[in-house]
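The basis for the numbers below is simple: all heavy atoms, side chains too, and nothing from hydrogens, waters or symmetry mates.
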Amino acid sequence: MNSLSLDISNAAVSESQLAAMTVEADESLGKVLQATGAGSDFLGWVRLPSETLKSDLVDRICDTASRLRSSCDTVVCIGIGGSYLGAKAVIEALKDTFTPTKPEILFAGQNIGEDYLAELTDYLAGKRFGIIVISKSGTTTEPAIAFRILKAMLEEKVGKAEAARLIVAVTDASRGALRSLATDEGYDTFVIDDNVGGRFSVLSPVGLLPIAVAGFDIRALLSGAADMQTACANPGSPAQLYAKTRNALYRDGKKIEILVNYHPKLHFFGEWWKQLYGESEGKDHKGIFPAAVDNSTDLHSMGQWIQDGERIIFETVISVEEQHRTVVIPADSDNLDGLNYIAGKRVDHVNKMAELGTRLAHIDGGVPNMLVSVDSLNEYSLGSLIYFFEMACGISGYLLGVNPFNQPGVEDYKRNMFALLAKPGYEEQTAAIRARLGE
């Protein structure tokens, strides 16, 4: 039974507005389920949870994860965008905040920070480390730089044969530079299916392998997603309702959606969600701008703007009902801080009152609110939450009138960067951009 629920009672959208969208929302759901819309060749994620659970892939991933866990103090996961955000989001949500997983999972290739890479190599110098490199092509600039540096370091440290045992590639089935290298060097490999785009790939080996290496239960993660997959297979699901509601708000002039959490472990879930919706919907000069805040922390930085700024926003709040630990606020005889009125209360009770009080204040301030609740932060609920947002994203993109599964604008910065770096094959663009800059 799925533990996720959606409450739109404070979303400032009428039943008649939602009813008017029923036909197009059902058509949009059909495009996702039947692969009849734009981008239909990237819908492999739709049945991925149930199909993976029926295959031997989970066992293969767990076997490889076990080998890395026994051989490494640290495993560096190299990838960018969807090739790291999903795994990072799940691991950060499940791990102890102040205790590294065993092995520790670090990330590289998600930036081009020289100090970052230098400090990473310094840190790894005394560690037994392995590498999970994730790239369909093997030539994406950020992860390719990181992999070149860390591969050379590992081979120098343990030799080419042992390095090959400690490197796992998640890549294309038959094409690309990383596939060729993996075949030549004998790396263990997992396939990124052509029909699964990066931002929808967390429930594939892209996310499952790092999550398993970190020691978490990927079967439970997939089970939560598979149950949500079943729940989303018919009209009227929470995912379809969320997609309809956010599009109704957008049509009413609400241009920014803020994903709000009141659990510190969900920060990177917000980062994953931002890519999922930003890259899927921001096209043709359309799209809701996805932002995220961590409350109550950000109430002391962004709270004023949300409460009293321009009324072009709405909020989707993720609420975690139960905590894994209990901390009770003690009484103090001096009561200098004035907190004895909540002595004996759990910290989570105070947090929940901050959550409810903020929602009420924002609703009164003209900010529509949706509430997504899960029972606790565990593998099952995270799998459910991931699939809920993925399915809603596909439906929402079609309601918006865009192809939710391409990203044409992403290539623009790359062309300029390659021209500025004088990459072979970009000679014409290099000359043009240098003339533009007056060089």
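- Looking only at side-chain heavy atoms (C-beta outward), Ile131 and Leu166 stay at 4.5 Å or farther from each other.
- Between the CG atom in Asp41 and the CG atom in Leu43 there is a gap of 8.0 Å [rounded to 0.5 Å].
- No side-chain heavy atom of Leu120 sits less than 4.5 Å from a side-chain heavy atom of Phe129.
- At distances below 3.5 Å, not a single donor-acceptor pair connects side-chain atoms of Arg175 with backbone N or O atoms of Ala173.
- Of all heavy-atom pairs spanning Ile80 and Gly109, the tightest one is CB-O, 3.4 Å.
- Pairing each heavy atom of Pro103 with each of Cys72, the nearest pair is CB-O, 3.4 Å.
- With Asp7 contributing its side chain and Ser9 its backbone, the two residues share a donor-acceptor pair below 3.5 Å.
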- Task: Check the pair Thr171 / Tyr187 against side chain to side chain contact (heavy atoms under 4.5 Å, CB included), numbers first and verdict last.
- Result: CA-CA 11 Å; Thr171 189; Tyr187 301 157; over 6 Å; no
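- Within the cation-pi definition used here (under 6.0 Å to the ring centroid, within 45° of the axis), Arg246 qualifies as a partner of Tyr242.
- Under the 3.5 Å distance criterion, with hydrogens and angles disregarded, a donor-acceptor pair is assigned to the side chains of Arg199 and Gln407.
- Side-chain contact of Glu104 with Tyr123: a donor-acceptor pair under 3.5 Å is present, judged by distance alone.
- Ring planes of Trp273 and Phe389: perpendicular class, angle over 60° (limits at 30 and 60°).
- Under a 3.5 Å cut-off, the side chain of Asp193 and the backbone N or O of Val191 do not form any donor-acceptor pair.
- When all heavy atoms are compared, the tightest approach of Arg251 to Leu399 is NH2-O, 3.3 Å.
- For the pairing with Phe200, the ring pair (Phe, Tyr, Trp, His ring centres under 6.0 Å) check across Tyr387, Phe42, Phe405 returns one residue only, Phe405.
- By the 4.5 Å heavy-atom criterion applied to side chains, Pro205 and Leu57 are counted as neighbours.
- A heavy-atom distance below 4.5 Å is not found between the side chains of Ile8 and Val13.
- Once rounded to the nearest 0.5 Å, the distance linking CG of Asn378 with OG of Ser3 reads 6.5 Å.
- Between the CG atom of Asp217 and the CG atom of Leu222 there is a distance of 9.0 Å, given to the nearest 0.5 Å.
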- Item | Evaluation steps, side chain to side chain contact (heavy atoms under 4.5 Å, CB included), between Thr36 and Lys31 | CA-CA 5 Å; Thr36 56; Lys31 289 177 181 178; 3.7 Å; yes
- Do Arg219 and Asp59 pass the salt bridge (Lys or Arg N to Asp or Glu O under 4.0 Å) test, and can you show the C-alpha distance, the side-chain angles, and the key distance before you say yes or no? CA-CA 10 Å; Arg219 285 189 178 85; Asp59 288 335; 2.2 Å; yes
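- For NZ of Lys102, the number of neighbouring non-hydrogen atoms (other residues, nucleotides, ligands) closer than 6.0 Å is 12 at most.
- The main-chain N or O of Gly365 is found under 3.5 Å from a side-chain atom of Arg311 such that the two form a donor-acceptor pair.
- Ion pair Glu162/Lys157 not flagged as a salt bridge, since none of the NZ, NE, NH1 or NH2 atoms sits closer than 4.0 Å to an Asp/Glu carboxylate oxygen.
- The two residues Lys283 and Asn406 come nearest to each other via the heavy atoms NZ-O, 2.5 Å.
- Distance alone, capped at 3.5 Å, places no donor-acceptor pair between the Asp294 side chain and the Pro264 backbone.
- Interatomic distance, CG of Leu150 versus CD1 of Ile145, reported as 11.5 Å (0.5 Å rounding).
- The existence of a salt bridge linking Glu355 and Lys352 is excluded, since no basic side-chain nitrogen approaches an acidic carboxylate oxygen closer than 4.0 Å.
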- Task: Determine, stepwise, if the pair Glu390 / Leu203 fulfils side chain to side chain contact (heavy atoms under 4.5 Å, CB included).
- Result: CA-CA 11 Å; Glu390 287 182 342; Leu203 299 173; 4.2 Å; yes
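- For the pair Glu271 and Lys88, the salt-bridge criterion is not met [side-chain N within less than 4.0 Å of a carboxylate O].
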- Task: In sequence, state the C-alpha distance, the side-chain angles, and the governing distance for Ser296 and Asn351, and then conclude on side chain to side chain donor-acceptor pair (under 3.5 Å).
- Result: CA-CA 8 Å; Ser296 63; Asn351 193 40; 5.2 Å; no
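- Here the straight-line distance linking atom CG of Asp172 with atom OG1 of Thr189 works out to 10.5 Å at 0.5 Å rounding.
- In this model, a donor atom of one side chain and an acceptor atom of the other lie less than 3.5 Å apart for Gln240 and Asp26.
- With contacts defined as side-chain heavy-atom distances shorter than 4.5 Å, the pair Val328/His349 does not qualify.
- Around NZ of Lys345, the count of heavy atoms belonging to other residues, nucleotides or ligands within 6.0 Å does not exceed 12.
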- Message: Before you tell me yes or no, could you show the steps for Phe314 and Ile288 under side chain to side chain contact (heavy atoms under 4.5 Å, CB included), namely the whole-Å CA-CA distance, both residues' side-chain angles and the distance that decides it to 0.1 Å?
- Response: CA-CA 10 Å; Phe314 65 97; Ile288 300 165; 4.1 Å; yes
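- No side-chain heavy atom of Lys151 sits under 4.5 Å from any side-chain heavy atom of Val133.
- Under a 3.5 Å cut-off, the side chain of Ser201 and the backbone N or O of Gly198 do form a donor-acceptor pair.
- Side-chain polar atoms of Ser71 and Arg165 form a donor-acceptor pair below 3.5 angstrom.
- Here the shortest heavy-atom pairing between Ala11 and Pro368 reads O-CB, 3.1 Å.
- Between the CG atom in Leu259 and the CD atom in Glu315 there is a gap of 9.5 Å [rounded to 0.5 Å].
- Salt bridge absent: Asp122 and Lys127 never bring a charged side-chain N and a carboxylate O closer than 4.0 Å.
- Looking only at distances, no side-chain donor or acceptor of Ser66 sits under 3.5 Å from a matching main-chain atom of Cys62.
- Side-chain contact check for Pro143 versus Ile134: every heavy-atom pair is 4.5 Å or farther apart.
- Ala212 approaches Ile61 most closely through the heavy-atom pair CB-CG2, 4.0 Å.
- Salt bridge present: Lys160 and Glu155 bring a charged side-chain N and a carboxylate O closer than 4.0 Å.
- Of the possible donor and acceptor atoms, none in the side chain of Asp308 sits under 3.5 Å from a partner among the backbone N and O of Gln304.
- With hydrogens and angles disregarded, a donor-acceptor distance shorter than 3.5 Å links the side chain of Gln229 to the backbone of Ser50.
- Of the possible donor and acceptor atoms, none in the side chain of His263 sits under 3.5 Å from a partner among the backbone N and O of Ser376.
- Tyr380 and Asp227 are linked by a side-chain donor-acceptor pair at a separation below 3.5 angstrom, with hydrogens and angles left out of the test.
- Counting only heavy atoms from C-beta outward, the side chains of Asp412 and Asn416 never approach each other to under 4.5 Å.
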